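Predicted, not measured: the structure shown is a model, and the values here were computed from it.
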Amino acid sequence: EGSDEEVYAVARGLADADKPKVPNLKTTMEELNKIDHSAIEYEVFERCFYEEDPEVFAMTELEVMQLRRKLDLRVSGEDVPR
């Protein structure tokens, strides 16, 4: 039989074996080139990805408020979608 220290060492080793290996985050990374975004002409795009469901569209403002309250939803901002 082993000493308490040996038993604890084996237990620690088993526990450590189950842990995922974390990569060394102190590796050096190649620095990226600086980009002058003012010299690039980007295409205009609109960030409006919300498509209102027809069922929600058919609701009155009161029904929308009641549904938000029931689902504990909070919305804020200007011209927020239903």
Exercise for the section: Only counting residues at least two apart or in another chain, list the ones meeting salt bridge (charged side-chain N to carboxylate O under 4.0 Å, His left out) with Asp72. Expected result: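 Applying salt bridge (charged side-chain N to carboxylate O under 4.0 Å, His left out) to Asp72 gives Arg74.
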Apart from [X] itself, what residues make up its hydrophobic cluster, given side-chain heavy atom links below 4.5 Å?
{"X": "Val75", "answer": "Val80"}
{"X": "Ile40", "answer": "Ile35, Tyr42"}
{"X": "Met65", "answer": "none"}

Report, one line per pair, each donor and acceptor closer than 3.5 Å where one atom sits in a side chain of residues 44-52; sequence neighbours left out.
none

Exercise for the section: Tell me, please, which residues at least two apart from Thr60 pass side-chain contact (heavy atoms from CB on, under 4.5 Å). Expected result: Leu62, Glu63
Handout entry: All side-chain contact (heavy atoms from CB on, under 4.5 Å) counterparts of Leu71, not counting sequence neighbours
Key = Leu67, Leu73
Problem - Sequence-distant partners of Ser38, side chain to side chain donor-acceptor pair (under 3.5 Å), two or more places apart - result: Asp36
Problem - Those residues that, when tested against Glu61, pass side chain to side chain donor-acceptor pair (under 3.5 Å) (two or more places apart) - result: Arg82
